[in-house]
Amino acid sequence: MFNKRIKIKELLLQPAGKKDIVVMGWVRTFRNNQFIALNDGSTNTNIQVVAPLGQFTDELLKRITTSSSLKISGELVSSQGKGQSVEVVAHSIEVLGDSDAEKYPLQPKKHSLEFLREIAHLRFRTNTFGSVFRVRHALAFAIHQFFHEKGFLYMHTPIVTTSDAEGAGEMFRVTTLPFDNPPRSEDGMIDFKEDFFGRSTHLTVSGQLEGELGATAFGEIYTFGPTFRAENSNTTRHLAEFWMIEPEMAFSDLEDNMNLAESFIKHIIGFVIQHNMEDLVFLDQRLAEEEKQLPADKRSEMGLIDKLRFVLDNDFERITYTEAIDILLNSAAYKKKKFQYEVKWGIDMQSEHERYLVEKHFKKPVIVTNYPKDIKAFYMRQNDDGKTVAAMDILAPGIGEIVGGSQREERLALLTQRMKDMHIAEDELWWYLDTRRFGTVPHAGFGLGFERMVLFVTGMTNIRDVIAFPRTPKSAEF
RNA sequence: UCCUCAGUAGCUCAGUUGGUUAGAGCAUCUGACUGUUAAUCAGAGGGUCACUGGUUCAAGUCCAGUCUGAGGAGCCA
């Protein structure tokens with residue numbers, strides 16, 4: 001067996017004196033021809049490996065370069081140096097893989113995030129991305145734990161879909177037709193009957209409609225999978241391929257939905273605080289360092305960890321859309337004409353309005369409910385006032401909309417009327433409407449953009465830095 | 001897609017009014033040193049100034065277009 005190693009995270013907790021230790025990892029720095037800072041990705045803290053002078057040949061020592069991979073056997077001793085309490089004295093050093101220092105792009109120095117994006121295949125070997133992706137993993141794990149413990153069923157909804165009815169955004173087409181000379185029907189249109197699935201297909205923009213099918217049988221389900229939008233969005237908050245969590249609950253209304261969303265967000269933040277404090281401390285310091293370069297009024301009032309604790313310890317503010325508009329209309333910012341866009345009942349709130357509510361007025365996450373029906377999707381349940389729907393968005397400081405959800409319209413007649421009004425073809429969604437034909441129930445759900453959650457928890461500011469291999473317009477390297 | 005800004009060594013950047021052979025720090029290489037903490041000290045190598053075209057006696061510098069990146073907006077999660 002080759003892998004008899006101890007992970008560095010575990011090794012650092014061991015008392016000095018332990019013999020016959022095997023560690024493997026990649027070299028971060030090699031100082032003084034003696035001291036190797038070795039990292040294996042289990043933690044940002046390196047183990048210091050000491051190669052006593054004279055015990056190893058120059059030929060071997062020359063091969064210990066940044067990011068070369070080593071297998072070290074030795075003994076754990078208390079360190080004579082100041083930076084660490086224990087270190088490994090090497091008895092043997094085996095170079096598993098050389099790394100040509102002249103060609104290796106990462107140096108033991110600070111790199112810009114933009115540069116690291118260009119070498120996304122290697123950026124995991126930096127402290128920042130080490131922490132980000134360990135936190136990302138912990139969040140994913142906590143999500144499954146939360147829903148599992150609540151009795152939700154993890155449902156895998158399809159990636160390739162046939163319905164383009166939801167209108168959640170532009171879609172990527174999936175086809176095997178030759179695009180230089182596709183088959184055409186008599187009217188000159190491309191004949192998708194000849195295509196692989198015998199019809200037009202796309203990558204999914206949401207698993208919600210299929211999720212509702214699951215919820216109306218299992219009661220409570222969630223999805224957690226990749227989602228695709230072919231929008232030409234070039235922002236720090238948008239990806240063409242991103243991961244989304246979409247729970248759906250039968251026998252639930254809008255309030256149940258809000259309660260679920262709030263406890264869900266608190267659970268996963270709590271999990272990371274409990275299990276990833278070392279990474280959070282690093283990210284907290286990184287953010288503080290970053291913000292030093294900003295003008296004073298652009299800096300956040302709280303550090304990263306304080307912000308997460310604050311979210312955990314406080315109830316989210318819950319207001320209706322109508323109340324939100326009133327707050328905006330009565331705000332000093334409005335009266336001083338600080339808003340670029342008009343404020344009046346019926347508008348789809350702009351980023352500046354959401355930011356005002358979250359960052360200036362309430363200074364915490366805000367759940368806005370009961371939006372005008374004209375700016376929301378067809379499946380949202382109509383309220384008795386005839387003007388609004390039972391929708392809810394959760395707005396987070398620095399990120400904006402992090403959750404979008406609603407109670408769904410369970411009444412067939414009202415749902416089909418709404419579809420007619422919005423020119424959505426009923427026959428394409430016959431299977432969806434069957435849930436309302438056979439034992440319909442009040443139900444609700446929401447979607448949470450996973451990467452936006454990772455942004456919030458890590459304090460990173462660009463969504464391309466919290467997914468391993470970002471897909472954005474004109475960019476799909478790796 | 002729109003607006004703004006940027007692109008000079010492997011990285012981060014400087015480059016004056018358009019004027020001789022384009023600079024610095026870090027990294028790399030060579031040597032010295034050896035309990036270092038992004039080690040230190042000395043020396044060396046390293047450039048299609050994003051690309052294409054234009055103006056000019058002369059362009060890294062001015063103009064136009066293209067590409068790429070960043071920030072903001074829209075769309076949204």
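So you know, we letter chains A, B, ... as the sequences are listed, proteins then strands, and number each from 1.
A distance below 6.0 Å separates the ring centres of A:Tyr154 and A:His156. A:Tyr334 has its ring centre no less than 6.0 Å from the ring centre of A:Tyr356.
Within 3.5 Å, no donor on the side chain of A:Glu118 pairs with an acceptor on the base of B:G69, nor the reverse. Checked by distance alone, A:Glu114 brings no side-chain donor or acceptor within 3.5 Å of a matching partner on the base of B:G71. No hydrogens or angles were tested; on distance alone, a donor-acceptor pair under 3.5 Å links the side chain of A:Gln80 to the base of B:G35. Remark: the A:His238 side chain and the B:C76 base include a donor-acceptor N/O pair separated by less than 3.5 Å. A donor and an acceptor atom sit less than 3.5 Å apart, one in the side chain of A:Ser233 and one in the base of B:C75. Remark: the A:Thr236 side chain and the B:G71 base include no donor-acceptor N/O pair separated by less than 3.5 Å. You'll find a donor-acceptor pair under 3.5 Å spanning the side chain of A:Gln84 and the base of B:U36, going by distance alone. Taking only distance into account, the side chain of A:Gln107 never meets the base of B:U28 through a donor-acceptor pair shorter than 3.5 Å. Between the side chain of A:Asn234 and the base of B:U1, at least one donor-acceptor pair of N or O atoms lies under 3.5 Å.
The side chain of A:Lys109 sits closest to B:C11 out of B:G35, B:C11, B:C76.
In terms of position on RNA chain B, the residue among A:Thr472 and A:Ser112 whose nearest nucleotide sits closer to the 5' end is A:Ser112.
Residues from residues 354-373 of chain A with heavy atoms under 4.0 angstrom of RNA chain B: there are none.
Between the P atoms of B:C41 and B:G25, the separation comes to 11 Å (whole Å).
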Response to the item:
Intra- and inter-strand pairing of RNA chain B, written as dot-bracket with Watson-Crick and G-U pairs under 3.5 Å and | for the latter, reads (((((((..((((.....[...)))).(((((.......))))).....(((((..]....))))))))))))....
